[in-house]
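Residue indices begin at 1 and follow the sequence shown.
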Amino acid sequence: MRRSLFKLSREIVPSVGQGERRTPLGPGTLRQLHSCSALVYRQHGHHHDTVRMEEMSLAALGQHSVRLRMLAAPVNPADINMLQGTYPILPRLPAVGGNEGLGEVIEVGTAVTSLRPGDWAIPWDAGFGTWRTEAVCEAGDLLRIPRDMPLLGAATIGVNPCTAYRMLHDFVTLTPGATVIQNGANSAVGQAVIQIAAALGVKTINVIRDRPYRRELEEELKSMGADLVITEEELQGLSLENVIQGLQKPVLGLNCVGGQSGGLVLSSLCEGGTLVTYGGMAKKPLHIPAKALIFRNITLQGFWMTQWKRNNSQDMSRLQAMVTSVCGLMKSGQLRSPQCVQVPFHKYSRALYATTQSHQRKHVLIM
C-alpha cells in the first residue's frame with residue numbers, strides 16, 4: 001500500500017465535526033491546522049460494530065500535497081469487505097473507510113502543478129479513505145475530473161465504469177458488430193458494459209437471474225443499449241443459436257458470478273473466444289467444460305481494476321486518459337450516471353446497511 005499523507009493521526013480531537021485551530025511555529029508565527037470528520041474503524045467486523053464517526057487532525061500541507069474537501073463518496077461492496085477484513089488488500093488499522101469518491105481541491109502545495117483550487121478530483125488507488133469531510137494527500141494520489149458533469153456520476157466513475165472500459169479494450173480487439181456476452185448484466189459494471197459497448201458499436205447479450213420484475217429490468221437494460229436480455233434459465237434450456245437473433249456468436253465473455261452462470265457464459269463463446277472473470281458473486285467455483293478448452297481454444301483471463309491501476313501507476317498519463325475518456329462518454333450522454341440514493345454523511349449507517357442487501361441501488365454519502 002502506498003504511503004500517503006492521509007493516514008490517521010494519532011491525535012483524536014474529542015468533539016465531532018469539522019474545524020480548524022492554530023498552533024505556534026515560533027515567536028509571533030502561527031500555523032493553521034485543519035481537522036475533519038471521518039468514519040473510522042479500528043478493528044475488522046460488521047460495520048455496525050466497527051465504524052464510528054470521529055474527529056481527526058489533518059497533516060500539514062506539504063510542497064507536493066493537496067487539501068481536498070470531499071463532496072460525495074459511494075459505499076461499494078468492496079468497502080464492506082474491507083471493513084470485514086476479507087478484501088485482498090487491507091489498510092493498516094485504524095483506518096478511514098471508503099475507496100471511491102469525489103473531492104474539490106481547496107489548497108495545493110507550492111510544487112503542485114497538476115491541480116489547482118476549485119478542481120474536482122478522485123483518488124485512483126484503493127484504501128484512500130474517502131468517507132471523511134476533508135483529506136490531505138499527495139497530488140499524485142489524485143486524478144482530475146471535469147466539473148461540467150453530474151456530481152454523482154463523477155463520484156462513482158473510478159471503479160465500475162472504468163472496470164467496464166478496461167475489459168472492453170484490453171482483452172479482445174472488438175470491431176463494430178462484434179458481440180459480447182456477460183452475466184450480472186444488471187450490476188453497475190454490467191450496465192456500464194452495455195452503454196460503453198453500444199458507443200463502440202458492439203452488441204451485447206446480457207444474462208440476468210429470473211425475478212418477478214424481469215420484464216421491467218429487461219426494458220431498462222434495453223433502453224441503455226442492450227441488444228438481448230436473457231435469464232440464466234433460458235440460456236441453459238435453449239440453444240444460443242436459437243435466441244441470439246442474428247447477432248454474431250460472442251467473442252468475449254464477462255463473468256462476475258461464477259458457478260454455473262459463468263459456465264453458461266463460457267459455453268456460449270465462439271471458437272477462440274475469451275472469458276474474463278472479474279467477480280464471483282455466487283461464491284462457487286467456475287464451471288469449466290474441458291471440451292471448451294481442448295476443442296474450442298477458449299482463453300480464460302482474470303481482471304481486477306485495483307491491480308490494473310497499480311500496474312500502470314508509473315504512467316499516470318494512462319490513468320488520467322482512461323478517466324478522461326470515461327468522463328467524455330458520460331458528458332456526451334452515452335454513459336448514464338448510476339441510479340443512486342443520496343445519504344447525508346451523518347446517517348452513514350443507513351448506507352452501510354443498504355449495501356449489504358441484495359437488489360439495492362448504489363448508496364452515496366453526501367458530505
Side-chain angles (χ1 to χ4, degrees), residues 1-18 33-70 72-103 109 112 121-143 155 158-159 162-163 304-314 316 319 345 348-349 351-352 355-356 365 367:
M1 184 73 67
R2 291 162 52 94
R3 297 183 62 84
S4 298
L5 297 178
F6 47 73
K7 294 191 180 296
L8 273 174
S9 168
R10 292 186 178 181
E11 180 181 6
I12 301 297
V13 183
S15 60
V16 173
Q18 183 178 353
L33 295 182
H34 296 273
S35 62
C36 72
S37 298
L39 302 184
V40 179
Y41 59 105
R42 299 177 176 275
Q43 62 184 11
H44 296 297
H46 295 294
H47 60 82
H48 53 270
D49 295 326
T50 60
V51 177
R52 297 288 185 272
M53 184 176 286
E54 300 183 11
E55 177 84 353
M56 53 174 285
S57 299
L58 295 175
L61 192 74
Q63 286 187 334
H64 300 277
S65 55
V66 172
R67 184 161 69 92
L68 197 67
R69 177 168 60 222
M70 297 305 300
V75 180
N76 291 316
D79 301 325
I80 303 298
N81 295 151
M82 276 193 170
L83 297 178
Q84 295 167 338
T86 59
Y87 201 65
I89 56 172
L90 299 172
R92 187 171 58 186
L93 298 178
V96 177
N99 293 292
E100 186 181 27
L102 173 69
V112 175
I122 62 172
W124 64 264
D125 199 10
F128 185 92
T130 54
W131 298 346
R132 64 174 82 202
T133 54
E134 288 194 15
V136 172
C137 64
E138 297 288 343
D141 293 321
L142 301 173
L143 298 171
V159 176
C162 287
T163 297
W304 184 25
M305 189 72 241
T306 296
Q307 192 62 57
W308 185 92
K309 290 177 179 176
R310 292 186 173 190
N311 289 346
N312 289 274
S313 61
Q314 299 305 310
M316 293 300 295
L319 273 69
F345 189 46
Y348 63 90
S349 294
L352 298 181
T355 304
T356 64
L365 300 171
M367 284 65 169

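Contact annotation: the side chain of L319 approaches that of K309 to within less than 4.5 Å [non-hydrogen atoms, C-beta and beyond]. Residues N76 and N99 are not in side-chain contact: their nearest non-hydrogen atoms beyond the backbone lie 4.5 Å or more apart. Side-chain contact between L352 and L39: absent, with no pair of heavy atoms (C-beta onward) separated by less than 4.5 Å. A 4.5 Å side-chain heavy-atom check between T356 and H47 finds at least one atom pair inside the cut-off. Put simply, the side chain of Y41 reaches to within 4.5 Å of the side chain of P91, judged on heavy atoms. Considering only heavy atoms from C-beta on, M316 comes within 4.5 Å of L143 through its side chain. Counting heavy atoms from C-beta on, the side chains of D49 and Q43 never come closer than 4.5 Å. Using a 4.5 Å heavy-atom cutoff, the side chains of S37 and T133 are in contact.
Within the 3.5 Å criterion, the main-chain N or O of G109 finds no donor-acceptor partner in the side chain of H64. Proximity of a side-chain donor or acceptor of S65 to a complementary backbone N or O of L61 within less than 3.5 Å is not detected. A donor-acceptor contact shorter than 3.5 Å links the side chain of H44 to the backbone of L83. Panel note: side chain E100, backbone P74; no donor-acceptor pair is recorded below 3.5 Å.
Taking both residues in full, the closest heavy atoms of W131 and A73 are given as CD1-CB, 3.8 Å, listed atom of the first, atom of the second, then distance. The nearest pair of heavy atoms linking L142 to A121 is CB-CB, 4.1 Å. Across V136 and A60, no two heavy atoms sit closer than the pair CG1-O, 4.2 Å. Among all heavy-atom pairs drawn from G101 and P123, the shortest one is O-CD, 3.3 Å. Between C36 and L58 the shortest heavy-atom distance is SG-CD2, 3.8 Å. The minimum heavy-atom distance between P94 and V40, with the atom names listed, is CB-CG1, 4.2 Å.
Atoms OH and CG, from Y87 and D79 in turn, are 8.5 Å apart once rounded to the nearest 0.5 Å. Atom-to-atom distance recorded for D141:CG and W124:CH2 is 7.0 Å, nearest 0.5 angstrom. Expressed to the nearest 0.5 Å, how far CD of Q307 lies from CG of N312 amounts to 10.0 Å. Rounding to the nearest 0.5 Å places CE of M367 at 12.5 Å from CZ of R69. If you take CG on L90 and CG on N81, they are separated by 9.5 Å, rounding to the nearest 0.5 Å. Distance check: I89 CD1 to W304 CH2 gives 4.5 Å after rounding to the nearest 0.5 Å.
Exactly one of M70, R67, M56 qualifies for a side-chain contact (heavy atoms from CB on, under 4.5 Å) with E134. That residue is R67. When the options D125, N311, T163, V159 are evaluated for a side-chain contact (heavy atoms from CB on, under 4.5 Å) with T306, the one that passes is D125.
The aromatic rings of H46 and H48 sit parallel, their planes meeting at an angle under 30°, below the 60° perpendicular limit.
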